[in-house]
Protein chains: 2
Amino acid sequence: MARMPTSTRARLVDAAFALFEERGFHETTVEEITARAGTGRTTFFRHFRGKEDVVFPDHEQLLPRVAARLGTATGTTREVALREAARIVLDHYLDEGTTARARYRLTRTVPALRDRESASAQRYLRLFREHIATWTANEPDGELRAELLAAAVITAHNHVLRRWLREETDAVDAEFDAALTRALATADPSAGASATVVVHTSSTDVDQVLRDVRDALTRGG
Amino acid sequence: MARMPTSTRARLVDAAFALFEERGFHETTVEEITARAGTGRTTFFRHFRGKEDVVFPDHEQLLPRVAARLGTATGTTREVALREAARIVLDHYLDEGTTARARYRLTRTVPALRDRESASAQRYLRLFREHIATWTANEPDGELRAELLAAAVITAHNHVLRRWLREETDAVDAEFDAALTRALATADPSAGASATVVVHTSSTDVDQVLRDVRDALTRGG
DNA sequence: GTACTAATGGTACTACGTACCGCGCAACGT
DNA sequence: ACGTTGCGCGGTACGTAGTACCATTAGTAC
């Protein structure tokens, strides 16, 4: 090894990932990690709260950035805010590159790490939900609609992210835009009108649509 | 088996909940739980895989029941299957009654338990997603649409469940139906129909709705 | 009585995570 | 040059979760 241009923290991360892939997560002890990194055991717990945290290093720094972006949304720019806030998270993974894919392999393998990732994803969901809920506070069913929209955005993000992690796509930008468009279109019925109509058809036969509408309305009430 | 007014397992659960609420989760040791339950420490780990599992006792039995209900869905009955599958989970919590609310209080307080609940919720999400994905396999963007629909169903379920847990409602049945309707309507563009209409209004002024529809359609097309 | 099974209790062990103490070292001010 | 302060690191000891293994008891069949 070189004469360590890398920081202690980086050496611990590298050692941990290497050992986790070689021997497995549970089969690797913290002492083995620190031995390979050339540090003491105490140092490990100074840099990471626990053995699992070494796999998810910096999500705590990401949440406030996402919150900040969501906080700047004003009336007409909310959809853009949702897109860009989700983009912050996606870009973070893209920047990590190899590390993100290594983490993905681990989380697919180790149940404890999978649960951990679910928990952190839930924090993003909660963050989005709370912001959106402030926008929909005075609408009917505002809470539920906020939760549905937040879930749709997070789901679309995760969908594209997973495809990138599995190397199933290279057109990340296009797929992200398309997925977010679908999520926003389906889950955000732009309230305010006395009626919100979502038309899922490629036909332009307005009369047929109106007949369907009248049938649906008169049948229901 | 000693003669018992309550089973060993039930005594352990009761002791654990009591101590967790008295002293907190992390401040309670397994030894204290077993002491109050009048058993040995080993017995605890025979009944529960870990200290956290005593709070979530029987989710493992619920998943296959939900899977079975989803498996019986056939073409036209898919929406009903989704509703009833989610209902299985909701009914399970309702049957637990006080226990479910006690668990909710704990999960709101203890981060470790909150994460644990997020992880088990993710398993339900995954289960729904995989079943729905088999239905939408040959549709464009089938994967993404399956994920969005699954997320919407789970979100609607969780919304009503949380409201019941917080004792914010007594009309669980009505709210569940309404929430699921909204989730299915927004996230499932039931392909094939010439138009799907979602009306978000309490007014019964059909003519006004139709004017809105015509305006929206002629403006867009 | 003997043999088998199931549930329990006890003991010992590994490893995570924490508390606490001490060391080395660089950056100061005087 | 000399202390002082702060920071990062290493070491030791400890509590506790979770596992492995063995001993014990009670019920059951023969």
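Throughout, a chain's letter reflects where its sequence line sits, starting with A, and its residues are numbered from 1.
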Subject >> Options C:dG10, C:dC16, C:dC20, nucleotide nearest the side-chain atoms of A:V30 >> reply: C:dC16
Original post:
Does D:dG8 have OP1 or OP2 sitting under 4.0 Å from an N or O in the side chain of A:T8?
Top reply: no
**OP:** Look at the side chain of B:R129 and the backbone N and O of B:E147, then say whether any donor-acceptor pair between them is shorter than 3.5 Å.
**Re:** no
Original post:
Can you check the B:R46 CZ to D:dG18 P distance for me, whole Å?
Top reply: 16 Å
Original post:
What about A:T42, does its side chain sit under 3.5 Å from the base of D:dG11 through a donor-acceptor pair?
Top reply: yes
Original post:
When the distance from CZ of A:R49 to P of C:dA19 is rounded to whole Å, what number comes out?
Top reply: 13 Å
Subject >> Touch class at under 4.0 angstrom, heavy-atom based, for B:R41 against every strand present >> reply: base
Original post:
In whole Å, what is the span from the CZ atom of B:F45 to the P atom of D:dA20?
Top reply: 12 Å
Original post:
Roughly, in whole Å, what's the span from CZ in A:F44 to P in D:dG8?
Top reply: 18 Å
Subject >> Side-chain N or O of B:T43 closer than 4.0 Å to phosphate OP1/OP2 of C:dG9 >> reply: yes
**OP:** For A:R163, check salt bridge (charged side-chain N to carboxylate O under 4.0 Å, His left out) against everything at least two apart and list the hits.
**Re:** A:E168, A:E175
Subject >> Any donor-acceptor N or O pair under 3.5 Å, side chains B:T181, B:R83 >> reply: yes
Subject >> 5'-most by nearest nucleotide on DNA chain C - B:T39 or B:H26 >> reply: B:T39
Subject >> Integer-rounded Å distance: D:dA17 C1' and B:F25 CZ >> reply: 10 Å
**OP:** Return the value, rounded to whole Å, for the distance between atom CZ of B:R116 and atom P of D:dA17.
**Re:** 15 Å
Original post:
Any sub-3.5 Å donor-acceptor pair from A:E139's side-chain atoms to A:T136's backbone N or O?
Top reply: no
Original post:
Taking N and O atoms by type only, does the side chain of A:R9 place a donor or acceptor under 3.5 Å from a partner on the base of D:dG8?
Top reply: no
**OP:** Specify the separation, in whole Å, of atom CD of A:E52 and atom P of C:dA15.
**Re:** 17 Å
Original post:
Does any donor atom in the side chain of B:Y104 or B:R162 lie under 3.5 Å from an acceptor atom in the other side chain?
Top reply: no
Original post:
Given C:dC16, D:dC22, D:dG10, which nucleotide is nearest the side-chain atoms of A:K51?
Top reply: C:dC16
**OP:** May I ask you to say what A:T34 touches in the nucleic acid, namely base, sugar-phosphate or nothing, with a heavy-atom cut-off under 4.0 Å?
**Re:** nothing
Original post:
Atom CG of A:L12 and atom C1' of D:dG10: how far apart are they, to the nearest Å?
Top reply: 13 Å
**OP:** Between B:E31 and A:G38, just flag the one whose closest nucleotide in DNA chain D comes earlier from the 5' side.
**Re:** A:G38
**OP:** Verify the contact: side-chain N or O of B:H47 to OP1 or OP2 of C:dT8, cut-off strictly under 4.0 Å; return yes or no.
**Re:** yes
